Amino acid sequence: MSSIDSQYLPQQVEAEAQSYWQENDSFRAVEDPSREKFYCLAMFPYPSGHLHMGHVRNYAIGDVIARFQRMQGKNVLQPMGWDAFGLPAENAAMQNKVAPAKWTYSNIDYMRQQLKRLGYAYDWSRELATCHRDYYRWEQWFFTRLFNKGLVYKKEAEVNWDPVDQTVLANEQVVDGRGWRSGALVERRSIPQWFVRISQFSQELLDDLSSLEGWPEKVKTMQSNWIGRSEGIELDFEVAGETDAALQHLSVYTTRPDTLLGVTYVAVAPQHPLAAKAAKVNRELADFINQQNNIKVAEAELATMEKLGMDTGVKAIHPISQQQVPIYVANFVLMSYGSGAVMAVPGHDQRDWEFARKYGLDIKQVIAPSSKDSICDLEQAAYIDKGVLINSGEFDGLDFQQAFEAIAQYLNAQGKGEKTINYRLRDWGVSRQRYWGAPIPMINCTACGAVPVPEEDLPVLLPEDVEFDDSGSPLGRMAEFVDVDCPQCKRPAQRETDTFDTFMESSWYYARFTCRDQNDRMLDARANYWLPVDQYIGGIEHAILHLLYARFYHKLMRDEGLVNSDEPFTRLLTQGMVLKDGAKMSKSKGNTVDPMPLIEKYGADTVRMFAMFASPPDQSLDWSDSGVEGSYRFLKRVWKTVAGHDPVACDDYAALELNDEQKKLRLKTHQTLEKITDDYARRQTFNTVIAATMELMNATTRFLDDSGSDTDRPVVQEALETAILVLAPIVPHFSHVLWNHLGHPDPIIDAPWPTVDQSALKQDMALVVLQVNGKLRDKIEVPRSIKQEDLEQLALENVAVKRFISTGTVRKVIVVPERLVNIVVN
RNA sequence: GCCCGGGUGGUGAAAUUGGUAGACACAAGGGACUUAAAAUCCCUCGGCCGCAAGGCCAUGCCGGUUCAAUUCCGGCCCCGGGCACCA
């Protein structure tokens, strides 16, 4: 036992524990095949400047799990790093006239100190920053490998173009259709960009979701919907009188071929070549198409904007009826999704119905309700349910499935269509017209085309010492960066000046942590010791994009022979957002909460504990400081109780001869331990861990209030040890010092998790609830061994119950042993 | 608009997902200690009726299933997240 201050002095306690961990290098993770490993990872932060409460909560959750697993005897790896490329550094550069690199590195230095102050058990020797050449060089290398395998390609894609600032804008930078700095109306502009073929992995990404048993159902549902597998038919409409072979056929995809005979028009995207051709001889149409350019490149915009269209004057020939239907240009059809053309069935699709109403197009019913419960009134709305075909010639009378087959067969025989499986998932566009990112390692040669930078020339270094102003990426203006010789033909060529989407870096950092000092290869054998990540923790806002890209990247690395698993993250905990005044905390909204004043006032342990106590980890939390005081008070109380306790060693509690009060305290101790172990391991609800520990401490201090005997000391010792052990993952500094005081010279970080003593849990009596018609009337204590009939009898004779059953007849008695009796009367 | 969540006292929440609604805290009010304050300790604390014993109502709203619903089903309202260039 060490002597300690009777007062809780968090700053002193935290300094003591942290210097112990540092001197002993306590959190360095070393590969050891003889031990079970546990890789615990919380999503690394973007170095925005300082930590906010969302970070504190996120990293506290990770740290709690890591420390808990260490006490379970696992060989734990918990690393930390920086998602260091990104847009905010460029914005800061413009605002403060500071180079993005300098700004980023100084933010990292500051935030690293903040993380250290919070006492997270990181192996800092593995720290990495994605903007460092030793990191992104492997990403560039990997991209050239993918290029050689044909998994990347270049195509035209649309961006938001600010015509005043002459730059490409991110969606976030477009506010109400205008550039956030210039205020100019944005224009859609098509430019060549690099894509990675994630769509080739659609089916595998979908199938493997079912193997992710440790993932929340909601995340799997979201990803599954995002991938959006559907079964349908791809079919051709011929364009009447068209002589140009490329424009003769309009290919459309539908999941509702049963409604095919209800097609009354076809719609194409404003960027469709057919629209462009028609516009050449139609001034009004050309103007209309031009106007559709002032829409931000975002699905939410397209879905909520007013649906507009215009007749091209060109007709399409229906593949079955041979009738001619008009071809419209419609602003809601996406050129980048599918073929840029859709068939329209206003009778049975609500959007088509509204469009048809607006432009006076025919609405034709071809599906009749198959049950009397649903009504079809095409004057009011489209009838979108499945039913039986009518007005469809030879297909009349078929149901959805029969019609699907029959129409597929018919079209197939005519060479006009076939069954197709379609995915909503689109290829991953990775080009960004930005400076602060990893350079895309390609060289554009007029003779050879796009040529990857040879391995020996990697990395393509991003020049860090630059002047950054509001005219966009300076890379294109730097001759020393742009002008290179073509690696193939050696003639003068130009380096690609676009940089990678930052999701590229965050898609594989978890793997690089296992061997970030490896300078000869992207990953080495250590990756397969640590991977997959056993527990990944991060905000729910990453449920789709980041987590899907990381899963995809893992499969790419597997196919390259770099890792031997199929999925990167075994178990996933999606932390709810930390909100402030009901909205996501972000620097741009200016509603972040700085944890530092709280840490200075109460210490890191109180802040960590309150962040865990405020709500379950997966629930969103509107931050408020009120309540922090309560966590602090609790720690002070525990400190006082432990400091005032005279430790006693006892290695066999079961052998003690205990009185009833002592047995009661042991019961509470082991009930609490059992519940808390489950809360940590299975439920991952740390708020209830804390509440249960508070209950145990309340019971212990009540016990101490009536205690006089020296024989009480062992059960109190056991209760206090249990409380300190179960609190250790949450308030590690506090527990570190008190554990020593309780007579343990070895550090609590390596103390084994206590085991539940089943003999302490034995109870003879049970509390049973008595209900009449489901309403609580009384509670009685009965022996656990009581027979069901006897319990029923006791209930029927109970005074409180009798008052409610005397006026009616007992119809039924429901007995749930050891829980309740419900008497049904009328 | 589409996809995914959430809604329980004055506040954060609990109830292990069909079996005692409000554990554990915060705030508030009252009291003890103190010259005073802070700290600490004790009591009250969902609403209505009642001196009390007790009763009735109550988990966003409406309806359903059940002996029993915060929990399951149907419909609606509100809030949050994502929608492919914020990370």
Side-chain angles (χ1 to χ4, degrees), chain A residues 43 45-46 48 83 85-88 91 159-160 168-174 216-219 221-226 228 297-305 307 332 336 351 424-429 431-434 501-503 506 539-546 548-549 574 576-577 579 582-584 586-588 610 613-616 618-622 624 626-631 633-634 636-637 640 675 678-679 682-683 685 687-688 690-695 698 767-776 778-779 800 803 811-814 816 819-825:
Chain A
M43 291 177 187
Y46 176 79
S48 56
D83 188 14
F85 278 136
L87 199 52
N91 294 333
V159 294
N160 302 308
V168 173
L169 298 177
N171 280 336
E172 190 189 50
Q173 298 171 308
V174 180
E217 223 37 64
K218 62 177 170 188
V219 175
T221 307
M222 280 191 257
Q223 291 215 349
S224 171
N225 289 340
W226 184 263
V297 184
E299 194 188 284
E301 297 291 311
L302 282 165
T304 50
M305 72 189 176
K307 310 291 181 287
F332 57 83
S336 53
R351 188 185 60 190
R424 206 186 75 100
L425 182 64
R426 309 201 290 261
D427 277 338
W428 177 13
S431 295
R432 296 292 179 271
Q433 297 69 43
R434 304 260 160 68
D501 174 11
T502 57
F503 278 125
S506 56
I540 184 65
E541 70 271 25
H542 297 292
I544 295 175
L545 291 180
H546 162 61
L548 190 65
Y549 290 141
T574 47
M577 311 269 311
L579 310 174
K584 178 176 170 174
S586 74
K587 226 182 162 185
S588 53
F610 182 63
F613 186 49
S615 78
D618 59 351
Q619 194 167 308
S620 64
L621 169 65
D622 203 341
S624 151
S626 74
V628 180
E629 191 78 39
S631 295
R633 270 206 289 265
F634 171 71
K636 280 197 289 189
R637 245 185 350 253
K640 214 176 111 191
K675 178 208 165 38
D678 186 47
D679 284 354
R682 181 183 60 88
R683 297 214 305 156
T685 53
N687 56 327
T688 54
I690 295 165
T693 311
M694 285 172 168
E695 283 192 56
N698 290 345
L767 186 70
V768 169
V769 167
L770 305 183
Q771 297 181 333
V772 177
N773 288 338
K775 280 190 178 159
L776 174 73
D778 205 358
K779 301 171 196 176
R803 286 170 45 205
R811 290 286 165 204
K812 205 181 201 181
V813 180
I814 284 138
V816 183
R819 288 210 85 129
L820 104 170
V821 180
N822 187 18
I823 298 159
V824 186
V825 294

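Quick note on labels: first sequence line is chain A, next is B, and so on, each numbered from 1. What you see is a predicted model; the values in this text were computed from it and never measured.
- The nearest pair of heavy atoms linking Met222(A) to Ala543(A) is CE-CB, 3.8 Å.
- Under a 3.5 Å cut-off, the side chain of Asn773(A) and the backbone N or O of Val825(A) do form a donor-acceptor pair.
- Remark: P of U40(B) and CD of Glu629(A) are 7 Å apart, rounded to the nearest angstrom.
- Position along RNA chain B of the nearest nucleotide to Ala691(A) versus Thr221(A) favours Thr221(A) as the more 5'-ward residue.
- Within a 6.0 Å radius of NZ in Lys636(A), other residues, nucleotides and ligands contribute more than 12 heavy atoms.
- Contacts of Ala298(A) with the nucleic acid, taken as non-hydrogen atoms under 4.0 Å apart, involve only primed sugar atoms and P, OP1 or OP2.
- Comparing A58(B) with C51(B), their C1' atoms are spaced 25 Å from each other, to the whole Å.
- Across every non-hydrogen atom of Phe610(A) and Ser626(A), the tightest pair is CZ-O, 3.7 Å.
- Using a 4.0 Å heavy-atom cutoff across all strands shown, Glu695(A) reaches sugar-phosphate atoms only and no base atom.
- Rounded to whole Å, atom P of U20(B) lies 14 Å from atom CD1 of Ile814(A).
- A sub-4.0 Å separation between OP1 or OP2 of U40(B) and a side-chain N or O of Lys636(A) is present.
- Tested against Leu820(A) for a side-chain contact (heavy atoms from CB on, under 4.5 Å), the candidates Val769(A), Leu770(A), Leu767(A) yield a single pass: Val769(A).
- Between C57(B) and Lys775(A), a contact under 4.0 Å exists linking OP1 or OP2 to a side-chain N or O.
- Within 4.0 Å (heavy atoms only), Leu767(A) reaches at least one base atom of the nucleic acid.
- Note: CE (Met305(A)) to P (C83(B)) measures 18 Å, nearest angstrom.
- Using a distance-only test at 3.5 Å, with no hydrogens or angles considered, no donor-acceptor pair links the side chain of Asp678(A) to the main chain of Arg683(A).
- In textbook terms, a nucleotide whose glycosidic angle is within 90° of 0 is syn, and G9(B) is one such case.
- Distance, Glu541(A) CD to C83(B) P: 10 Å, rounded to whole Å.
- As judged by a 4.0 angstrom heavy-atom cut-off over every strand, Leu425(A) is placed among the base-contacting residues.
- Picking from U16(B), A25(B), U20(B) the nucleotide with the shortest atom distance to the side chain of Arg682(A) gives U16(B).
- Note on His546(A): nothing from the nucleic acid sits closer than 4.0 angstrom, heavy atoms only.
- If you check distances only, the side chain of Arg633(A) never reaches the base of U40(B) with a donor-acceptor pair under 3.5 Å.
- Rounded to whole Å, the P atom of A23(B) lies 27 Å from the corresponding atom of A32(B).
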I would like to know whether Arg803(A) and Val772(A) meet side-chain contact (heavy atoms from CB on, under 4.5 Å); could you show each step before the answer? CA-CA 10 Å; Arg803(A) 286 170 45 205; Val772(A) 177; over 6 Å; no
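- One interatomic measurement links the two molecules: CG of Asn160(A) to C1' of C85(B), which rounds to 8 Å at whole-angstrom precision.
- Residue-level contact check: Val174(A) touches neither bases nor backbone, having no heavy atom under 4.0 Å from any strand.
- Scanning atom types as modelled, no donor and acceptor separated by under 3.5 angstrom connect the side chain of Gln173(A) and the base of C86(B).
- Comparing U40(B), C85(B), G1(B) against the side chain of Val168(A) picks out C85(B) as the nearest.
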Encoded 5' to 3' (Watson-Crick or G-U under 3.5 Å; [ ] crossing; | other strand), RNA chain B becomes (((((((..(((......[....))).(((((.......))))).((((....))))..(((((..]....))))))))))))....
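- Atom-to-atom, CG of Leu776(A) to C1' of G18(B) comes out at 17 Å; the value is rounded to the nearest Å.
- Note on Asn698(A): every side-chain N or O is 4.0 Å or more away from OP1 and OP2 of C24(B).
- Of the P atoms belonging to G80(B) and C85(B), the separation is 24 Å, rounded to the nearest Å.
- Straight-line distance between the C1' atoms of G81(B) and G29(B): roughly 39 Å, to the nearest whole Å.
- Nearest approach of Leu548(A) to Trp226(A), heavy atoms of both residues: CD2-CD1, 3.6 Å.
- With Asn160(A) contributing its side chain and Leu169(A) its backbone, the two residues share a donor-acceptor pair below 3.5 Å.
- Nearest approach of Ser506(A) to His546(A), heavy atoms of both residues: O-CE1, 3.0 Å.
- Side-chain to base pairing of Arg434(A) with C85(B): one donor and one acceptor N or O lie within less than 3.5 Å of each other.
- Heavy atoms of Trp226(A) sit under 4.0 angstrom from at least one base atom.
- Within 6.0 Å of atom CZ in Arg424(A), more than 12 heavy atoms from other residues, nucleotides or ligands are found, so the atom counts as buried in its surroundings.
- Evaluation of atom-type donor-acceptor distances gives a pair under 3.5 Å for the side chain of Asn822(A) against the base of C67(B).
- When the P atom is used for both C67(B) and A13(B), the distance is 35 Å, rounded to whole Å.
- As judged by a 4.0 angstrom heavy-atom cut-off over every strand, Arg819(A) is placed among residues touching the sugar-phosphate backbone only.
- When the side-chain nitrogen and oxygen atoms of Arg432(A) are compared with OP1 and OP2 of C85(B), one or more of them lie within a distance under 4.0 Å.
- Taking atom C1' on both G9(B) and C83(B), the two are 37 Å apart, rounded to the nearest angstrom.
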What string of B, S and - do you get for nucleotides 10-15 of chain B, 5' to 3', if B is base contact, S is sugar-phosphate-only contact and - is no contact with any protein heavy atom under 4.0 Å? --BSSS
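- Contacts of Leu87(A) with the nucleic acid, taken as non-hydrogen atoms under 4.0 Å apart, involve only primed sugar atoms and P, OP1 or OP2.
- Remark: the separation of the C1' atoms in G30(B) and G55(B) is 28 Å, to the nearest Å.
- Tyr549(A) and Trp428(A) have parallel rings, their planes meeting at less than 30° on a 0 to 90° scale where 60° marks the start of perpendicular.
- The distance from atom CD1 of Ile540(A) to atom P of C83(B) is 12 Å, rounded to the nearest whole Å.
- Between the P atoms of C79(B) and C73(B), the separation comes to 24 Å (whole Å).
- Looking at heavy-atom distances under 4.0 Å, Arg803(A) makes contact with sugar-phosphate atoms alone, never a base.
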List the steps, then state whether side-chain contact (heavy atoms from CB on, under 4.5 Å) holds for Asn91(A) with Gln173(A). CA-CA 11 Å; Asn91(A) 294 333; Gln173(A) 298 171 308; 3.8 Å; yes
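- Regarding contacts with the backbone of U20(B), every side-chain N or O of Lys779(A) stays at 4.0 angstrom or more from both OP1 and OP2.
- In this structure, the CG atom of Asp501(A) is 9 Å from the P atom of C86(B), given to the nearest Å.
- Each of C3(B), C41(B), C85(B) was ranked by its minimum atom distance to the side chain of Arg637(A); first place goes to C41(B).
- Nearest heavy atoms, Thr502(A) versus Asp83(A): O-OD1, 4.3 Å.
- Each of Gly627(A) and Ser431(A) has a nearest nucleotide on RNA chain B; the 5'-most of these lies closest to Gly627(A).
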